[in-house]
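Note sheet for the following structure.
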2 protein chains.
Amino acid sequence: MVKFVKNSLNMCPDSTKEKIIQAAQQVFIRKGMDGARMQEIADEAGINKALLHYYFHSKEQLFNDVFYGVLSQLIPGLIEIFKGNEPFLEKIEAIVAEYDTYMSKNPFLPQFVIREINRDPDQLSRFMSDQGLDFSHIEAMIEIEVNKGNIRPISFPHLFANLIGMIVMPYIGRPLFQRKLFRNDPVKYDQFLQERKAVITSFVKQSLKVER
Amino acid sequence: MVKFVKNSLNMCPDSTKEKIIQAAQQVFIRKGMDGARMQEIADEAGINKALLHYYFHSKEQLFNDVFYGVLSQLIPGLIEIFKGNEPFLEKIEAIVAEYDTYMSKNPFLPQFVIREINRDPDQLSRFMSDQGLDFSHIEAMIEIEVNKGNIRPISFPHLFANLIGMIVMPYIGRPLFQRKLFRNDPVKYDQFLQERKAVITSFVKQSLKVER
DNA sequence: GTCTATATGCAGATAGAC
DNA sequence: GTCTATCTGCATATAGAC
């Protein structure tokens, strides 16, 4: 059983522990849990392996602290949106915006989550429940909107998959997309990412709009 | 420099080599390139490590054969669609259908590709070019359709990201989605996957439709 | 807290008999 | 082609001095 530690936001930014967290993020993103090497993390943090193990007994513990540390920063915002009482389409907009601002700060998170989804889905699922993430409210809301005829018929899982897919794909696929669609120009790609929020929002709204 | 081998479709299905390929697919999906163990692949194939190395000199070679073997089955279909002369919306429908049938046969491919996108984007990008995959035709087609006023304005990268995101997300996120949205019922989830094709197609068509 | 040096285990790969 | 046994290297983790 794993304890989910608090994230490390309120930490002295140049403390050794914080340097390790930062370094571990970078390396885990590039290499994943299995591909990452403690040596590489130590190098990136400017310390040695022994000190790394002084702060984090095992690689598993370090990974969990880093992973659930960043993830726990996203969830509260989503919970608030899910539980709120705004009109449905505003909710959609808020979800896109929440992910968008979060992703621009943590562009590596999607790859992170994808890997973890397959590596240890039970732990991840448990974590989300522990954090209080629950879809039942928004799920019910969609049904109501559909029944009232305010939006075109769609189930929550389908809408959710569509939304999350559109949001995260440019981050997950960046190395390939940037090469194939933007001649490997990172500036152009960042601009593309900035346009996503508006594009996705209008894309979804259009597709849910009922015929006049 | 890596040679891209032909896939193993025309192989005796219960030959040792084919058993290895099958086993390797399963293990690589679950664990990724780095997390996978040759021992585990050998076990899954019902042989031992030495024999594994007899057929595939290195783990790297085995991975590449498996990965590019499956991937190369998807690309020709896409190329044909991209280059064809059907009306634009039919093309969209064909792409969704192509992915859909392919994914239902290879539900693991998305995770595979995602991992590889980050592990070795150059090789993957080169492979796609070598196979003749090229977006310029469909990219131009979208511009024309937009200029003619047949569809709402959208750039190819945005539409592509939306489309691919919606298509692959349920496969990438399955372990989590199935737990969170379908009470971990695999039958329900397979049914959900089968509905995706129709849902995505109509979702995209609606969002591209111009105001009357 | 931070280091050097070392222990331990395991995974990829090979040798060689059959 | 298939096996058993073994080598080699490397990654995690610890011991112990400062």
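The chains referred to below are lettered A, B, ... by the order of the sequence lines, with proteins before strands, and numbering in each begins at 1. Since this is a predicted model, take the numbers as computed values, not measurements.
- Rounded to an integer number of Å, the gap from Met38(A) CE to dT12(D) C1' is 7 Å.
- Whole-Å rounding puts the Ile20(B) CD1 to dG1(D) P distance at 10 Å.
- Although no hydrogens or angles enter the test, the distance criterion places a donor-acceptor pair under 3.5 Å between the side chain of Lys91(A) and the main chain of Phe82(A).
- Following rounding to the nearest Å, Tyr55(A) (OH) and dA13(D) (P) show an atom-to-atom distance of 18 Å.
- Side-chain contact, Gln39(A) with Asp43(A): a donor N or O sits under 3.5 Å from an acceptor N or O.
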Grab the N/O contacts between the protein and nucleotides 3-6 of chain C below 3.5 Å, and write none if there aren't any.
{"unit_1": "dC3(C)", "atom_1": "O5'", "unit_2": "Asn48(A)", "atom_2": "ND2", "d": "3.3"}

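- Across all their heavy atoms, Ile81(B) and Glu86(B) have their closest contact at O-OE1, 4.0 Å.
- Rounded to a whole Å, the CD atom of Glu60(A) is 14 Å from the C1' atom of dA13(D).
- Cation-pi contact between Lys17(B) and Phe56(B): present, with separation from the ring centre below 6.0 Å and deviation from the ring axis of at most 45°.
- In this structure, Tyr189(B) has its ring center no closer than 6.0 Å to that of Phe177(B).
- Side-chain proximity of His53(B) to the nucleotides dG12(C), dT12(D), dT2(C) is greatest for dG12(C).
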Stepwise side chain to side chain contact (heavy atoms under 4.5 Å, CB included) test for Ile41(B) and Phe28(B): CA-CA 9 Å; Ile41(B) 294 172; Phe28(B) 279 134; 4.0 Å; yes
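- Protein atom CD of Glu40(B) is 14 Å distant from nucleotide atom C1' of dC10(C), rounded to whole Å.
- Within the structure, every side-chain polar atom (N or O) of Thr16(A) is placed at least 4.0 Å from both OP1 and OP2 of dG1(C).
- Within residues 26-37 of chain B, the residues having any heavy atom closer than 4.0 Å to DNA chain C are, in order of number, Ala36(B), Arg37(B).
- Rounded to a whole Å, the NE2 atom of His57(B) is 14 Å from the C1' atom of dG1(D).
- Atoms NZ (Lys59(A)) and P (dC10(D)) sit 16 Å apart, rounded to a whole Å.
- For Glu145(B), the salt bridge (Lys or Arg N to Asp or Glu O under 4.0 Å) criterion is met by no residue, not counting sequence neighbours.
- Taking the ring centroids of His158(B) and Phe203(A), they lie at or beyond the 6.0 Å cut-off.
- Nucleotide dA11(D) holds its C1' atom 12 Å from the CG atom of Leu52(A), rounded to whole Å.
- For the pair Arg119(A) and Phe63(A), the cation-pi criterion (under 6.0 Å, within 45° of the ring axis) is fulfilled.
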